[in-house]
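Proteins come first, then strands; the chains are lettered A, B, ... in the order of their sequence lines, and each starts at number 1.
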Amino acid sequence: MAAATTSSSKRHSILPPAQSGPKPPVQFSSSITIADSAILIGTHPITISTESVIHPRARLDSLGGRITIGRRCIVHERSTVGAVGTEGGSRSKREEQPNGVTLGDYVTVEVNASIETGDTVVGEGTHVGVGSKIGGGAVVGKHCTLTPYTVVAAGETIPDYTVIYSNGLRRQDRRGVAELRNKGQARQIEVLKRMIPSNPSKFQ
Amino acid sequence: MSRRPPRGEYIETDTGNKVARKATLVGTQNIMLGGKTVIMPEAMIRGDLVRTLQPSPSSSGAPPNNTAVAIGRYCFLSRGCCLRPPGRLYKGLFTYMPLRLGDHVFVGPGSVVQAATVGNYVHIGAKVAIGEFAIIKDYVRILDDTVVPPNMVIPSFSIVAGQPARVIGEVPEGGHEAFELRELYKTVGNNPQPAPV
Amino acid sequence: MAPPFTPYTFIQCPCSDSSTFNRRSPPSTPTTHHFHSDNDDNDDDDDEHPFDPRAPRSNYSLFPLEYLLYCEDCHQIRCPRCVAEEIVTYYCPSCLFEVPSSNLKSEGNRCTRSCFQCPVCIGPLSVTSLESHPDPNLIPAPDNTSAAPHGGPYILICSHCAWSSTEVGIQFDKPNSIHAQLAKLRNGGNPRMTAKERKERRKDLAQSLGSSYSAASGSGYPSHFADELDLDLDLETQFSNLKLFYQSQLANANPGGGASGGSASGSGGAFGDLGFTSPTSLSRILNIYTSTSSQDKKAKSRIGTMREALDRDEGLKIANLDESEAIAKLHAEDHAGTVSTSQLLNQTPQLHLGEPHLHGRSRFASELRPIPYLLRTKRSKRCPICRHIISKPEAKVLTTRFRIRLVAGSYIPSITIRPLSLPNASTPDPSALRPSKPAQFVLTFKNPIFEPVKITLATPALTPGRFPSKVTVLCPQFDIDANTDVWDEALKDGDKRRKKGESMDSATGGNNGGQHQHQPAAGKIWERGRNWVSIVVEVVPASLRKPMPVVLKEDEDLLEIPMFVRIEWETDAMGDEVGAVLGKDRDLPKLKRELAYWCVLGLGRVSDQ
Amino acid sequence: MSSSASMLTGSAVHRSVANIRSPPAGGGGGGASSSQSSGPSTPMRPITSTFASPSSLRAEEETILIEFGTRKLLVGFAGDAAPRGAIWFGPEQQRRVGDFRAWQSDYHPDWRNAASGDQWGKDYELWRSDVRDLDLGLVGDKIERALRDAFTKYLLIDSRPRRVACVIPSGLSIPLLSVTLDSLFGRFQSPTVSLLSPPVSLAVGAGVRSALVINLGWAETVVTAVYEFREVQCNRSIRGGRMLTEQTHRFLAKHLPQNQKKPETEDHENSQEYVLSFEECEEITMRLAWCKAHPSSATTKPAEGLSTVEEHDESEERRASPETEQPGLATIPLKSTSPPVTLELPYDLLTEPCENTFFDSRHSPASFDDHELPLHLLVYRCLLQLPVDVRSMCMSRIIFAGGCANVLGLQGRIFDELSQILRERGWDPVTGKGLDKKREDLEQMKQKARARLASGGTTGPTSTTQPGAGEQDGVWHDAANVKPEVDPIEEQLKKRGDPTSQEQGELRAVESIGAWSGASIISHLKIAAVATVDRDLWQQQGAAGASKPGEVDSKMQQRQSLGAGGFMRGAGTGHNSWTLGTWGAY
């Protein structure tokens with residue numbers, strides 16, 4: 001066994017430069033954790049509230065409208081919040097301060113997931129699974145679970161505590177574990193704080 | 001990479017690993033490569049997510065504890081795939097655990113692997129999601145778009161597909177050689193050779 | 001519909017066309033009366049028609065090369081249909097524990113530890129304490145957070161669809177041996193009596209109620225206690241009651257005792273003359289009245305040995321046709337509350353043995369039971385003819401080694417297909433074939449064995465089916481050199497042309513200079529290497545819309561070529577018994593071997609312009 | 001004898017095990033202990049030798065029981081309470097080995113093109129009774145693959161030859177039967193195959209010797225009268241599961257948004273082109289289809305003289321409640337339509353397919369052909385054609401079976417319809433003229449009946465004074481009284497002092513554990529099958545070699561039958577005659 005690259009052991013990672021865009025105005029809570037390889041682009045403001053974590057290579061795109069991320073959210077690597085929708089579900093284009101994406105508290109956006117812009121809302125405690133896609137203007141309720149590669153159509157409304165599984169089937173989450181999940185999220189964030197070198201200043 | 005001219009698209013290490021410059025490796029000091037492994041552009045490995053709770057002394061045989069991702073020989077990580085250690089609440093505390101890949105593991109484009117262990121001769125198709133702490137044994141073929149739920153155990157010689165994953169067939173006796181990745185290894189890199197007949 | 005097309009090859013196992021295993025192949029043109037005629041027209045159906053890969057039956061006889069084995073003694077391909085299997089190991093695919101075959105007899109075909117699948121989404125279930133939560137995904141329902149602080153109670157939860165056994169009202173005291181605990185639990189959590197318990201319960205009940213009990217139960221009026229008992233009479237209990245009842249009937253039919261032979265003969269009669277009845281004839285019944293013919297004397301005495309079950313202990317159960325509750329429930333629960341077909345499929349009858357009234361069925365989500373994992377097996381395979389083992393895995397569950405593994409791939413040439421793209425000609429998407437526009441493909445045959453082989457190919461000029469495409473194999477006959485070690489490839493490369501001169505003179509043209517410049521020509525090999533040869537096949541796809549647009553069946557746009565492959569090679573007599581028998585004389589004659597089979601080449605989809 | 005001998009050696013290998021588990025089949029007392037010791041999910045099964053031994057003889061001790069249906073196979077071991085697994089037929093099962101396209105998320109089966117004409121859903125059936133356009137070879141392939149899957153996945157047995165018992169539809173035509181036997185003998189090398197008929201198995205599974213078996217199957221509904229374990233009468237109607245699914249499709253199609261505008265005369269057009277996939281229609285049928293209660297049953301309650309009505313009166317009220325109080329809406333998500341829609345229909349409407357399929361009250365009873373009789377008429381006719389005493393036995397032992405028996409309320413509805421007919425017409429094939437005359441006769445019979453009844457004869461508890469009931473009482477008690485004189489069995493049972501069954505002359509439904517489980521008892525107890533076919537004989541002679549049932553002389557037939565008991569080896573030597581039982585009669 002040998003370390004991946006003898007030389008790169010100084011630089012603790014191989015991070016090719018990411019394409020850049022206009023630098024958006026940001027409002028960060030002091031307690032957030034944001035990797036400096038996260039990608040924030042766009043023209044509308046991006047707000048990240050208390051103790052939320054933005055993983056490396058996570059992409060927040062406010063071109064379509066303002067991005068609001070609640071408390072104790074985790075946005076994983078390679079995910080896109082505010083992607084420009086394929087189906088133009090953005091109903092609030094005219095406004096000068098349109099809402100792009102709003103994540104409630106304790107929302108997790110997993111790897112490769114993408115939430116399209118256009119006044120899209122994801123409710124508290126909802127878990128957006130790996131590779132899932134939420135269309136623009138969709139409203140996902142509280143404490144929902146989207147299993148990997150779930151697709152929520154643009155403009156669709158998902159009631160609270162919905163589980164979307166097996167490629168589109170839906171059922172109600174009767175475990176009633178909302179707050180326990182939130183606790184777990186908090187624990188995870190404690191750990192991530194220590195692991196992910198945060199560099200908010202880079203974006204301010 | 002210091003030794004090689006910075007021209008090539010790949011960094012070729014002395015153990016024969018071919019790591020694309022466009023690959024994203026976070027926390028390389030915690031990523032162990034067995035050698036002869038190919039990491040294609042836009043592949044991503046989260047070596048920074050190391051386990052925080054150290055194992056009790058009883059559990060031995062583990063390589064240096066700060067290893068987050070261990071990859072065997074002749075593995076092939078396609079474009080846009082992502083390896084990340086699985087995390088869980090353990091006794092009320094959250095910790096990540098190491099992710100181990102065996103030899104001759106093919107990870108298809110866009111797949112996300114958060115397994116605990118992946119055995120030898122495993123083929124993971126494209127856009128596959130492998131849930132946290134899944135255990136995948138040797139000679140397993142996972143078809144495209146499969147979602148392997150967390151904690152699932154997949155025995156050897158299984159053909160797996162579905163959302164969630166289930167065993168839909170057995171790898172036939174004559175199908176073992178198809179898992180070999182030596183030839184594939186030669187076809188990429190800074191001076192790739194054409195695939196043999 | 002299909003992703004980017006990759007060419008493929010399927011091989012038809014010779015076992016399937018001729019009626020091997022002295023199987024009278026079933027009549028193909030049906031007649032209800034005369035059979036021999038059927039067999040006749042059946043034969044020509046099997047043998048004389050060219051092989052049609054699109055015929056529905058072909059799907060049952062075609063296999064990818066990896067699925068085929070090879071018997072070294074019969075020198076024949078063996079497919080999954082024609083090998084004889086023997087089980088080496090039983091194990092649970094989830095906990096990977098080996099299960100001794102004796103347990104299999106007693107405990108059935110499923111894992112009896114704690115391995116279950118989700119009844120809703122078939123994902124794996126994991127045991128979780130209601131208190132501690134090992135995984136954010138797996139946090140159980142805290143519906144009774146007042147429970148014991150240490151661990152339990154425990155539940156099963158699905159990490160994919162978030163189903164929890166609390167949804168059917170089931171919890172466990174211990175985190176281990178869930179299977180045993182579940183067996184004692186009914187959905188909703190009520191204890192589920194074992195067969196024995198139920199029996200005893202009924203006994204006392206019967207005694208307490210005296211003789212009136214059986215009378216009442218026999219009558220059409222199910223009295224109150226009878227109802228309450230009915231609730232308990234699940235399929236399994238009724239089954240065992242019935243079995244006991246009949247056994248006792250048989251026993252006192254012949255006082256000889258329970259010797260199986262005796263009771264068999266005695267009881268055999270009881271149903272024995274069923275053979276005579278044709279459903280429509282009432283003559284049988286009349287005969288009973290006038291007991292004249294010999295068989296009816298027998299009938300009397302034998303039928304006399306069985307009477308009818310009279311009460312629940314004997315397995316009689318008055319049906320309760322009142323399903324109003326269920327209907328009400330259906331209206332309440334609606335579509336979401338009912339079980340889907342696939343879920344029902346996974347709920348095998350066994351799971352509901354203990355559920356009263358379900359009688360093996362389940363309709364509502366609340367009736368779903370966790371599914372214990374089906375066990376899996378490691379199996380060795382024998383040649384059905386010579387009984388030699390042709391595949392044998394090691395017994396241990398976790399080892400992947402094989403003691404014997406004779407795969408067809410190491411005996412018959414592999415065929416790989418790639419569209420021929422000449423450097424100048426730019427084919428945008430070779431996999432999309434255009435109607436009546438000729439397309440060329442390179443077939444590469446790779447010889448795995450250590451003797452040179454002679455290959456002869458035959459294809460119908462037109463592919464079978466509604467849309468016949470023209471097929472031309474430019475070089476239907478050629479030799480391939482032996483699969484020698486790599487290091488003397490160089491030497492072989494030199495003498496190759498000289499050696500294979502006679503049949504390959506044309507091929508030399510194919511080899512001088514960079515192969516990719518020359519055009520494909522009839523009788524010419526396209527390319528050759530150490531142990532491989534590639535040739536060119538030209539196809540003219542048919543138009544899918546002639547004479548008029550028609551609805552395509554699935555895969556009808558697929559261009560598949562049936563190809564008959566004959567392989568001939570020589571081996572020295574030594575080394576295999578069959579050879580030794582033939583060539584007794586000592587000067588080691590070369591034995592001619594031949595193998596022939598149909599295969600199917602999937603070239604691509606014909607675009608519907 | 002031979003088998004029982006080998007059985008002993010077999011169990012002698014692990015004597016200790018044999019003690020705790022099932023004894024050699026047929027052993028009387030042993031069964032009791034075993035049935036107790038066997039845990040809930042572990043039904044008992046005859047002990048067999050270890051799998052490890054390559055000996056092919058050993059494996060025969062274990063009899064495999066297969067129930068053949070149009071849609072699925074039920075497979076398990078004789079002696080188990082329930083089959084180990086069910087294999088359903090479907091298009092996916094007909095793919096080439098190694099073709100996994102169905103699992104690709106971008107794969108959408110284009111059932112639209114496949115479903116032209118009556119192809120719709122055809123891939124989901126093993127066979128059709130009309131064999132003219134049927135590729136029998138394909139049927140054989142389907143059977144073989146299904147069995148192979150079942151053996152590997154559920155039974156976990158290897159391919160050593162085993163004795164097989166089959167539950168096969170009584171009406172199965174010889175070509176289909178011989179294809180089945182070909183697969184079993186040819187591909188699976190079974191030494192013997194015993195054939196059992198569903199009605200008899202169901203009767204055995206209900207603990208009765210006579211019964212009226214109403215098998216609500218997929219292709220058709222078969223009403224069979226079983227008397228003393230014999231099929232004595234059999235009526236069929238095409239009103240079965242397939243028709244129900246078709247009706248459901250028609251029903252859903254009618255309510256699709258795009259079809260709303262069009263006039264009501266859609267039925268023809270709908271039946272031609274399909275707008276919904278078979279799976280979906282079947283799924284909806286299975287989940288949501290239900291059957292209204294008999295309209296009049298609630299009102300006519302007081303006038304009823306039938307004993308079983310009791311269960312039903314209160315059921316009527318309760319059954320009535322859900323519809324009347326809140327006409328709830330059923331949400332029906334449909335995916336196979338383009339675009340996907342979700343229908344919201346009142347539950348009452350959902351009874352429509354069931355009504356049209358099984359009762360078809362829209363047309364007058366006279367307007368039906370024999371093969372398409374509504375079920376209640378079918379059952380009534382079947383009973384009507386029976387001799388009096390057989391009828392009286394059967395009508396009080398009605399067994400509902402088959403997939404459509406799961407349709408909520410259907411069983412009760414048929415039952416009520418039947419009692420309604422009896423209430424109106426009794427057992428009078430003639431309706432209208434001359435009925436009064438008949439009445440009087442029956443009246444007198446009733447008097448006689450009373451007299452005997454008073455003298456403590458066998459009777460059901462209902463001797464009411466309603467004229468309506470009077471008719472039936474007359475007929476039935478008449479039958480009941482003839483019976484003791486003529487029925488040797490009853491006599492004999494009396495001699496042996498066994499309690500005889502008193503239940504007759506009243507409509508009564510009994511619950512059967514099902515054809516498979518019933519057959520499991522039969523073959524586990526080594527009670528002989530309807531017919532037992534020996535491999536060598538079959539492969540020498542084929543179906544042509546089979547004698548017509550009557551022609552076999554009883555002794556030979558006896559030994560043949562006992563083949564299931566282990567005497568087959570001796571008997572199966574070429575030239576003696578053998579039979580396909582009831583199947584040979586077709």
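- Closest approach of C:R405 to B:E173, counting heavy atoms only: NH1-O, 2.6 Å.
- Only the side chain of B:V147 comes within contact range of chain C, with heavy atoms under 4.5 Å apart.
- B:R166 and C:C121 get closest at one heavy-atom pair: NH2-O, 4.4 Å.
- Between C:L398 atom CG and B:D138 atom CG the span is 9.0 Å, to the nearest 0.5 Å.
- When every heavy atom of C:P124 is checked against every heavy atom of B:P150, the shortest pair comes out as CG-O, 4.2 Å.
- The NZ atom of C:K378 sits 10.5 Å away from the CD atom of B:E170 when rounded to the nearest 0.5 Å.
- C:E66 approaches B:P172 most closely through the heavy-atom pair O-CB, 3.5 Å.
- Note on B:A178, B:S158, B:A165: by heavy-atom pairs under 4.5 Å with chain C, the leading option is B:S158.
- Contacts with chain C were tallied for B:Y121, B:F157, B:Y139; B:F157 has the most, counting heavy-atom pairs under 4.5 Å.
- Neither the backbone nor the side chain of C:L65 has a heavy atom closer than 4.5 Å to any heavy atom of chain B.
- With a 4.5 Å cut-off on non-hydrogen atoms, C:T400 touches chain B through its backbone and its side chain both.
- With chain B as partner, the option from C:P93, C:G409, C:G123 having the largest number of non-hydrogen pairs under 4.5 angstrom is C:P93.
- B:P155 places a side-chain heavy atom less than 4.5 Å from the side chain of C:L96.
- Closest approach of C:Y91 and B:S156 over heavy atoms only: OH-O, 4.4 Å.
- The number of heavy atoms from other shown groups lying within 6.0 Å of NZ (C:K381) is above 12.
- Of the two parts of B:V167, only the side chain, counted from C-beta on, holds a non-hydrogen atom closer than 4.5 Å to a non-hydrogen atom of chain C.
- Here C:S391 is the residue among C:P393, C:S391, C:C118 with the most heavy-atom pairs under 4.5 Å with chain B.
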